[in-house]
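Please see the structure below; I have some questions.
Because only heavy atoms are used, hydrogens play no part in the values below, and waters and symmetry mates are left out as well, while side chains stay in. Here is the naming used below: chain letters follow the sequence lines, and residue numbers restart at 1 for every chain.
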Number of protein chains: 4
Amino acid sequence: VTELIKAAVLTAVNKPLEIQEFPAPAPSTGGAVVTVAYAGICGTDIHLKSGNLPVPMPIVMGHEAVGTIAALDPALSTDINGAPLRVGDRVVWSNNIPCGRCHECLVLKERTLCKSRKIYGINRTSSDAPHLLGGMAGQIALEAGTAIIRIPDEVSFEEVIALGCAGPTALHGMLENLTIHPGDTVAVQGSGPVGLAAAIYAKQMGADQVILLGAPASRLELALEIGACDEVIDMGIYTDSAARLEKLRQMTAQERGADVVIECAGVPAAVAESLDLARPNGQVLVLGQYTDHGATPINPHYITKKQLKIFGSWGFAEAHYVKYVESLPQLRKRHDLGALLTVFALEDVNEAMDTVAAGQCTKAVLKP
Amino acid sequence: VTELIKAAVLTAVNKPLEIQEFPAPAPSTGGAVVTVAYAGICGTDIHLKSGNLPVPMPIVMGHEAVGTIAALDPALSTDINGAPLRVGDRVVWSNNIPCGRCHECLVLKERTLCKSRKIYGINRTSSDAPHLLGGMAGQIALEAGTAIIRIPDEVSFEEVIALGCAGPTALHGMLENLTIHPGDTVAVQGSGPVGLAAAIYAKQMGADQVILLGAPASRLELALEIGACDEVIDMGIYTDSAARLEKLRQMTAQERGADVVIECAGVPAAVAESLDLARPNGQVLVLGQYTDHGATPINPHYITKKQLKIFGSWGFAEAHYVKYVESLPQLRKRHDLGALLTVFALEDVNEAMDTVAAGQCTKAVLKP
Amino acid sequence: VTELIKAAVLTAVNKPLEIQEFPAPAPSTGGAVVTVAYAGICGTDIHLKSGNLPVPMPIVMGHEAVGTIAALDPALSTDINGAPLRVGDRVVWSNNIPCGRCHECLVLKERTLCKSRKIYGINRTSSDAPHLLGGMAGQIALEAGTAIIRIPDEVSFEEVIALGCAGPTALHGMLENLTIHPGDTVAVQGSGPVGLAAAIYAKQMGADQVILLGAPASRLELALEIGACDEVIDMGIYTDSAARLEKLRQMTAQERGADVVIECAGVPAAVAESLDLARPNGQVLVLGQYTDHGATPINPHYITKKQLKIFGSWGFAEAHYVKYVESLPQLRKRHDLGALLTVFALEDVNEAMDTVAAGQCTKAVLKP
Amino acid sequence: VTELIKAAVLTAVNKPLEIQEFPAPAPSTGGAVVTVAYAGICGTDIHLKSGNLPVPMPIVMGHEAVGTIAALDPALSTDINGAPLRVGDRVVWSNNIPCGRCHECLVLKERTLCKSRKIYGINRTSSDAPHLLGGMAGQIALEAGTAIIRIPDEVSFEEVIALGCAGPTALHGMLENLTIHPGDTVAVQGSGPVGLAAAIYAKQMGADQVILLGAPASRLELALEIGACDEVIDMGIYTDSAARLEKLRQMTAQERGADVVIECAGVPAAVAESLDLARPNGQVLVLGQYTDHGATPINPHYITKKQLKIFGSWGFAEAHYVKYVESLPQLRKRHDLGALLTVFALEDVNEAMDTVAAGQCTKAVLKP
């Protein structure tokens, strides 16, 4: 008899996810089957459920996951780095497969802009075999072309999943755009997973002073506790942008403002504020504007006058995921990443989703 | 008897400039006296006269000029490049002298951001000797620390002054921020001197297709005639931004938009339009927002989604002026720079200023 | 009856190429068949024939070609840029297909370093169908994954083939490593196809003074004639490196040396000379050391003392070929690229190879 | 009566330094007098004494020092960052004053290449007043134009002097040339002060694995102890370059070699080895070749084939010293910098110099 695998399936907008069962898949040519250890819940999942971002349904949700290789097609013998791959290996994978042949992939070399990317848990329906193409399940079927990465021995599953897709997302934008020097001050707007990841990587890239602007207070305390930042500006206390600017200036040398500002807040007005928080000739990374919330008043005079450099970055591709995993051995020595996690059983997926939607935990993950 | 030198002096806001006479200066220690061949009139001069930008008065106006060395202090024996300097040499000079010792000059290495820059014709009053510290005069007294540059033999005075301070301004922003590849499409918003300079340098840096968005039609025709651009979008015909975007898309390969957009229009709304004109992962240089005209609605979602790179740039310092002069031998072979000029006598300075204010000529210069 | 297609086949090291006939191929899935207009002969082909670079044999030679689409698989409807592709279109293509999945392709993002690249005319034997996997033939069978590029209407076949693979090779190294500013002096060592391409692109990227060091005199005259460079240093006259250095210094401002040096000579000693020719803080691009000719004495003190930046670059991938074709409309306006060509009939391939080996022509191409 | 200040003076090549006394200086216009807390001894000092690097004599030696402001000219009210400066402040300063007006300073923007730099302790004789222009003295007279930097409260004198001029030297080369990503492997050749500083900054800039190649074993142990590196290759054990290459490959993922190699060994042959240690498309920084030891065999084929990026860097200027001090608050939290020091009394300068020359301590400093 074929084993049955449980999965959390979205069948219609705004309906609770259903736990369905599918036959355990066999690896396709060049592919692998992974037994999921944890699947993360991301803010994007809340948007998928509410229909803000249309997806094919029914769908096994989950674009963040880690696990152990259960079965391997003979055509697949190494991970993306060339390391040998065997059943039983602990792995993670880039959740998206760009086409690799279009103008965006090959000429712009920006695989994140590929218009025909396949994304596990986001645009892969469960209606046809192998069904299990999302992370919120006992197993996931990884197809040929997926960038699978072996997890270094000293890194735990918990440490890989703690930042979820926010880790490679922040890393992508920061590595490809920002210059952070030892001694720099970096301000991060937003204390969600992307903001926390950006703060942690700012420290990692040499910043001396990382200032996190966010809320609620408990989240900021956790960020300080795990060393994700050095100082915080609580938006519950500094409720308007003028007060935050004044406070940040007082915190920085000669009241110059931040060398680098990383916007991870997701609110359009935050970007206008970024231009104020940055010092003359400073850098601004706009990471948080995934969703189109429309226009906001911005004064472009400051771009010219302050000689700012402003960068946008979207998602991540294989290279960023590889760099993410490479960074973890160092990261875990400096920060208790596991402290970010709240673990739910797969069956409690709807409760977990509600908790994320309410902002009541830092990082919710499912354990199938 | 001491020779008397005529100069155009602004004595009060909105008053016509007066032609005054000052004693011919002797060079100060490490300085030089230059007999002015041409002094350019810049859009900024119109702002100075109208009081939009406050300046000390009385002031000999003119921050753009070229001329011949009339007298030289013995302590000054070479130009900024180390070439020998002699009486009779044709020269040009960077119009501003940053302090060279502050955080901006030495640590940020952005001398344009120096708060105590001295600028000929802008913040040097004529009330005290040597009086002649602006270009709109028979002679100008250059002080020690001024970056003087010998003009290459094959380059005429007219060719140096044709782009005025717009040349080094465009070059500064473009060299330090933009990556232009052979074959690229560059869109330039604005057909004033900065726009024309940006278009010419885009060609020079390898762009295949330079599209100039501006007005009036006569200016665009001149731009095409001297090869400053390849194609134009006449804002008199394409009056709204949606029409210009549609037109530009049709002009570019696969309707992708421009690889690089250079904003030289000066209107805040132009910057919102820049983000639309740029292709995914494209670059935007905001050169035109010198004056604070307030905020404009901008949708930051496009910065993230399109992964844009947006740069601001302000003025220029010595290095940019040197690069400007180095670029002229090549520029003059490709473009009839002299065609941009309208020459007025020094005495006709007020008529010349009115012509510039009315946008009735491309580049007005005074011949003392 | 099936049409038969002639091809120049290398069957053994140092044996003359044979003209063999193969059945006209049909396009494979996602592929195309192209009727070859011209196939270039490259210095590498001489090495292949002599066995310096081992290749599978028999092999249809030719890794440089242009032609017209004869047949198209329905799965292939656009070129790499997304432009529609139809039978009868004039096209060129990147001669190599990296795997797109390895560490080099995806993480380093250096597809030129991919260890399993397939290269037409170099590592594709003609022993099995479709046989015609090299450019020196009446037709070539392009497989799925080949980056095919439509040639712009105003560009002729002759203009595309004139620089051969030297065009994208030079462009790759230059675009990804060098900063060339308007007004710069660029010295190019070597006047073979790579040297000529590097010189032409240096002009294109804004250099004011391009100095070509090479031989024989006739090649240098041609380079001057088509505007590939501004000045030359004839190695037949300046036979030792000290004399060349002295000459170059005299040609440059304040005897500083070249802002950028591009080594395309292929002789190890040329690289030691590059370090001398470059000005303090200058850039050196080592393009010419494809073949391992062993070590040469180099004084690393100058790397530290002069603060040099030295870059190596190898071959090209799809993006560089696309940029190459995008650059041609501008290039052809400035340079008579066709003047570089010497055309031979396909049947005269051995005579053409001998002419190239003897250095008796600038660029030999075969017309099938 | 005027106070007398002791200083260590070099009066002739290879003669022991003499302790001489000079009258306590008053600050010159725009200058300051600093009471020296510590003066470092650098490998360069050994070269000065032995005549390898000619200096004017007699000279108060010492180009590395820290101390307390004893007197301040009224014209000097802030440090280079704009922070207020008062008598009693703990300070450090960039040891060199570039002219700020030459082509190198202003156009190349490479103040380290300025030919007329004044350097305390290196090209300032003690024959004339104020005599005290070197750090190995009770006081030093800092002139106008010296970039003085207030030491952050939490940073001790010992922590500033521990890396000596090796700190800003390494930082200069690394910040301006290298791209180090979280997770990268950096190999540092040489375990002297520059090598240790490079290793520490590699960690600081995000490297996960820093491998130090050097000797003797005790130095390597200290480096491991203070966390300057993660792993070592003892050149006393791995005595030839092939063995070191083999060892390094085994230590790196998939035996690829190091992402970045920083040469701080000072031996020409080390640079040939750098090219081997670097992975394909890796970066090499040549920091150690200050002295001209002549040519060494290098195979340039690897520069092309591996697509290497090789950078040279020389000394430092004000900006690098400022960044150095800014980095210290973070550095001291991660590394016990004080463990590097061996303290000697000023009077024991000759013993201290001998100890440095014999390689018997990591960093010798004098306490006046």
Side-chain angles (χ1 to χ4, degrees), chain A residues 28-32 73 75-85 92-118 142-150 168 171-172 175-176 316-327, chain C residues 28-32 73 75-85 92-118 142-150 168 171-172 175-176 316-327:
Chain A
S28 57
T29 307
D73 182 70
L76 181 62
S77 58
T78 64
D79 80 350
I80 175 79
N81 292 315
L85 210 54
V92 66
W93 52 94
S94 179
N95 67 20
N96 64 86
I97 313 180
C99 81
R101 304 300 323 159
C102 68
H103 183 84
E104 283 74 13
C105 283
L106 276 184
V107 184
L108 297 187
K109 295 181 187 172
E110 281 294 332
R111 298 167 72 91
T112 48
L113 297 174
C114 173
K115 288 164 193 150
S116 47
R117 288 197 300 168
K118 298 195 235 172
L142 300 181
E143 297 180 348
T146 306
I148 299 176
I149 307 158
R150 276 187 54 186
L171 208 46
H172 171 206
L175 291 188
E176 298 196 356
F316 57 87
E318 295 93 337
H320 316 112
Y321 216 103
V322 169
K323 292 305 297 176
Y324 171 64
V325 175
E326 283 181 1
S327 77
Chain C
S28 56
T29 307
D73 182 69
L76 181 62
S77 58
T78 64
D79 81 349
I80 175 79
N81 292 316
L85 209 54
V92 66
W93 52 92
S94 179
N95 67 20
N96 63 84
I97 312 179
C99 81
R101 303 299 324 157
C102 68
H103 183 85
E104 283 75 13
C105 282
L106 276 186
V107 185
L108 298 187
K109 295 182 187 172
E110 282 294 330
R111 299 167 71 90
T112 48
L113 297 175
C114 173
K115 287 164 192 150
S116 47
R117 289 197 299 169
K118 299 194 233 171
L142 300 181
E143 298 180 347
T146 306
I148 300 176
I149 307 158
R150 277 189 53 186
L171 209 45
H172 170 207
L175 292 187
E176 298 197 356
F316 55 88
E318 295 93 338
H320 316 112
Y321 216 103
V322 169
K323 292 305 296 175
Y324 171 64
V325 175
E326 283 181 2
S327 77

Inset, instruction - For each of A:Arg101, A:Lys109, A:Glu318, tally heavy-atom pairs with chain C at distances under 4.5 Å, and name the one with the top tally. - result: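 Of the options given, most contacts go to A:Arg101.
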Inset, instruction - Find the distance between OG1 (A:Thr78) and NE2 (C:His103) and round it off to the nearest 0.5 Å. - result: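 Those atoms lie 11.5 Å apart.
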Inset, instruction - Under 4.5 Å heavy-atom distance to chain C, tell me which part of A:Thr146 shows up: side chain, backbone, both or neither. - result: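 The backbone, not the side chain.
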Inset, instruction - Would you mind telling me which of A:Leu106, A:Leu108, A:Val107 makes a side-chain contact (heavy atoms from CB on, under 4.5 Å) with C:Val322? - result: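 Answer after filtering A:Leu106, A:Leu108, A:Val107: A:Val107.
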Legend entry - Pairs of heavy atoms under 4.5 Å with chain A: top-ranked of C:His320, C:Arg111, C:Lys323: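 Top count of heavy-atom pairs under 4.5 Å with chain A: C:Arg111.
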